[in-house]
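This one's a predicted model, so the numbers in the text were calculated from it and none came from an experiment. Each chain gets a letter, A, B and so on, in the order its sequence line appears, and its residues count up from 1.
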Number of protein chains: 2
Amino acid sequence: MDVSARFTAEEIERARRYATAIPPADLDPRIGALVNELIGRVADKWTMMILDILAGHGELRFTRLSELVEGISQKMLTQTLRQMERDGLVVRTVHPVVPPKVEYRLTGLGLSLGSAFCGVWVWAAENLEQVEQARQAFDRRAGTG
Amino acid sequence: MDVSARFTAEEIERARRYATAIPPADLDPRIGALVNELIGRVADKWTMMILDILAGHGELRFTRLSELVEGISQKMLTQTLRQMERDGLVVRTVHPVVPPKVEYRLTGLGLSLGSAFCGVWVWAAENLEQVEQARQAFDRRAGTG
DNA sequence: CCGGATCCCGTGAGATACTG
DNA sequence: CAGTATCTCACGGGATCCGG
C-alpha cells in the first residue's frame with residue numbers, strides 16, 4: 001500500500017508514531033471475515049476497560065472489578081467476563097468459601113490483547129485536545145451553517 | 001508496573017510482541033475519565049472497520065463504503081461517519097453535481113488512530129486459532145460440567 | 001455477605017421504504 | 001446517489017432475588 005500519494009509527509013509521520021505492523025486490508029478475504037467477527041467481539045469498550053484494569057492490577061475479585069471499571073453494570077461485567085473467559089482472555093478462579101470469593105486474572109492471550117490495545121489508549125490520551133477542538137469547530141460550523 | 005510477579009516470562013514475551021507503549025492505568029485520573037469517554041466513542045467495531053477500509057483505499061464514496069464495510073447498514077454508516085467527521089477523523093467532501101457525489105477520506109488524525117488500531121487487527125489475525133480452541137474447550141467444559 | 005441470575009423497561013441498532 | 005423517516009426488536013441498565 002503506497003500511502004504517500006494520499007497523505008502529506010507530516011500526516012504519515014504522525015501516523016508512523018503509532019504504527020505497529022502491516023495494514024490489515026491486505027488479508028486473505030476468507031480469514032478476513034473471521035477476523036472481523038473476532039474484532040466485533042473484543043473491540044467493545046467494556047472488554048477494553050476490563051483488559052486494561054486487569055493488566056494493571058493482576059488478580060481482582062468481582063466486586064473490586066465492578067468498582068474499578070467505571071460505569072459498568074453487574075450484568076455487563078458478568079456477561080463480558082464470561083465472554084472473555086470463553087475466548088481464553090481471562091481465567092476465573094472460584095474459591096469455595098463463605099462468603100464467595102471469585103478471582104479473575106488475564107491469561108497470556110489476554111495480556112497480549114491488552115498490549116495490542118495499548119496504542120489506542122495512548123492515542124486517546126495524546127489526542128484528547130485535538131478531538132475536542134475538532135468537535136468545537138464542527139459544532140460551530142453546524143450552528144452557523 | 002511490575003508485571004513479572006504475575007505472568008510467566010513466556011506470557012510477557014508474547015505480550016511484548018504487541019506492546020507499543022506504556023500501560024494506560026498510570027494516568028492522571030482527571031484525564032483518565034476523558035480518555036475513557038473518547039475510547040468509548042472510537043472503540044466500536046464500525047469505527048474500526050471504516051478506519052481500516054479508508055486507510056486501505058484512500059478516498060471513497062458513500063455507496064462504495066457501504067459495500068466494503070461488511071454488514072453495515074446505511075443508518076450506522078451515516079451515523080458513524082458523522083461522528084468521525086465531528087471528531088476530526090474523516091473529511092467529507094460534497095461535490096455539487098447530479099447525481100450527488102460525496103467522498104470521505106481520513107485526516108492525519110484518523111490515519112494515526114487507524115495505525116493505533118493496527119496492533120489489534122494483527123492480534124486478531126494471529127490469534128484466531130487460539131481463541132477458537134479456547135472457545136471449544138470452554139463449551140466442552142460447560143457441556144460436561 | 002458475595003457473586004450472579006432474572007425480570008422489566010428504555011434506548012438504540014437494523015431493515016425497509018421513501019426523498020432531494 | 002446519498003442520505004432521512006419509520007418501525008421493530010434485541011441488547012444494555014437497574015432493581016430485585018437467590019445460592020453458597
Side-chain angles (χ1 to χ4, degrees), chain A residues 33 36-37 39-51 53-54 57-87 89-105 138 141-142 145, chain B residues 33 36-37 39-50 53-54 57-87 89-106 138 141-142 145:
Chain A
N36 279 358
E37 186 192 6
I39 288 285
R41 232 312 1 266
V42 300
D44 77 301
K45 69 170 179 173
W46 294 139
T47 301
M48 277 192 64
M49 290 191 186
I50 291 174
L51 227 40
I53 299 286
L54 281 179
H57 290 80
E59 196 152 22
L60 287 172
R61 298 178 64 175
F62 185 86
T63 303
R64 186 81 183 110
L65 254 177
S66 69
E67 290 164 5
L68 291 172
V69 181
E70 197 81 11
I72 198 169
S73 64
Q74 295 113 318
K75 183 182 172 180
M76 284 314 293
L77 182 55
T78 302
Q79 209 171 96
T80 308
L81 282 171
R82 211 69 90 202
Q83 274 292 342
M84 292 172 73
E85 188 192 359
R86 180 168 184 263
D87 291 345
L89 303 179
V90 301
V91 281
R92 176 173 176 270
T93 311
V94 183
H95 298 85
V97 295
V98 192
K101 183 175 178 179
V102 180
E103 291 192 314
Y104 295 89
R105 72 170 193 87
F138 181 90
R141 280 198 304 273
Chain B
N36 279 359
E37 186 191 6
I39 289 285
R41 226 329 343 275
V42 299
D44 78 300
K45 69 170 180 175
W46 294 138
T47 301
M48 278 191 63
M49 289 191 186
I50 292 174
I53 299 286
L54 282 179
H57 290 79
E59 196 152 22
L60 287 172
R61 299 178 66 174
F62 185 86
T63 302
R64 186 82 183 108
L65 254 177
S66 69
E67 290 164 4
L68 290 172
V69 181
E70 197 81 11
I72 197 170
S73 64
Q74 296 111 318
K75 181 184 172 180
M76 284 314 293
L77 183 56
T78 302
Q79 209 173 95
T80 308
L81 282 172
R82 211 69 92 199
Q83 273 293 343
M84 293 173 74
E85 188 192 0
R86 180 167 182 265
D87 291 345
L89 302 178
V90 301
V91 281
R92 177 173 174 270
T93 311
V94 183
H95 298 86
V97 297
V98 192
K101 184 175 178 180
V102 180
E103 290 192 314
Y104 295 89
R105 72 169 193 86
L106 293 185
F138 182 90
R141 280 199 303 271

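- B:Gln74 comes within 4.0 angstrom of a nucleotide base, judged by non-hydrogen atoms across all strands.
- Here D:dG3 presents its P atom at 15 Å from CE of B:Met76, a figure rounded to the nearest Å.
- Here C:dC2 presents its P atom at 13 Å from NZ of A:Lys101, a figure rounded to the nearest Å.
- With rounding to the nearest 0.5 angstrom, the CD1 atom of B:Ile72 is 9.5 Å from the CD atom of B:Gln79.
- In A:Glu59, the CD atom is crowded: over 12 heavy atoms of neighbouring residues, nucleotides or ligands sit closer than 6.0 Å.
- Side-chain proximity of B:Arg82 to the nucleotides C:dG3, D:dT4, C:dC7 is greatest for D:dT4.
- Separating the CG atom of A:Leu81 from the C1' atom of C:dC2 is a distance of 15 Å, rounded to the nearest angstrom.
- The CD atom of A:Glu103 sits 14 Å away from the P atom of C:dC2 (whole-angstrom rounding).
- In this structure, the nucleotide among D:dA2, D:dG3, C:dC8 sitting nearest to the side chain of B:Arg61 is D:dA2.
- Using a 4.0 Å cut-off, some side-chain N or O of B:Tyr104 falls inside it from OP1 or OP2 of D:dG3.
- What separates CD of B:Glu85 from C1' of D:dA2 is a distance of 14 Å, to the nearest Å.
- At the phosphate of C:dG12, neither OP1 nor OP2 sits under 4.0 Å from any side-chain N or O atom of B:Trp46.
- Base contact: A:Pro100 has a heavy atom under 4.0 Å from a base atom.
- Taking only side-chain nitrogens and oxygens, A:Ser73 never comes nearer than 4.0 Å to OP1 or OP2 of D:dG12.
- Between A:Arg64 and B:Lys45, the residue anchored nearer the 5' end of DNA chain C, judged by the nucleotide with its closest heavy atom, is A:Arg64.
- If you take NZ of B:Lys75 and C1' of C:dC18, they are 15 Å apart, rounded to a whole angstrom.
- When each of B:His95, B:Lys101, B:Glu67 is paired with B:Arg61, the side-chain contact (heavy atoms from CB on, under 4.5 Å) condition holds for B:Lys101 and for no other.
- The interatomic distance linking A:His95 (NE2) with D:dG20 (P) rounds to 19 Å, in whole Å.
- Residue B:Pro99 has its side chain nearest to D:dC1 when only D:dG12, D:dC1, D:dG20 are considered.
- The side chain of A:Thr78 contributes no N or O atom lying less than 4.0 Å from OP1 or OP2 of C:dG4.
- Set against C:dA13, C:dG3, C:dG14, the side chain of B:Gln79 has C:dA13 as its closest nucleotide.
- Per the geometry, CZ belonging to B:Arg41 stands 14 Å off P belonging to C:dG12, to the nearest Å.
- Atom OH of B:Tyr104 sits about 8.0 Å away from atom CG of B:Leu65, to the nearest 0.5 Å.
- A donor-acceptor contact shorter than 3.5 Å is absent between the side chain of B:Thr47 and the backbone of B:Ala43.
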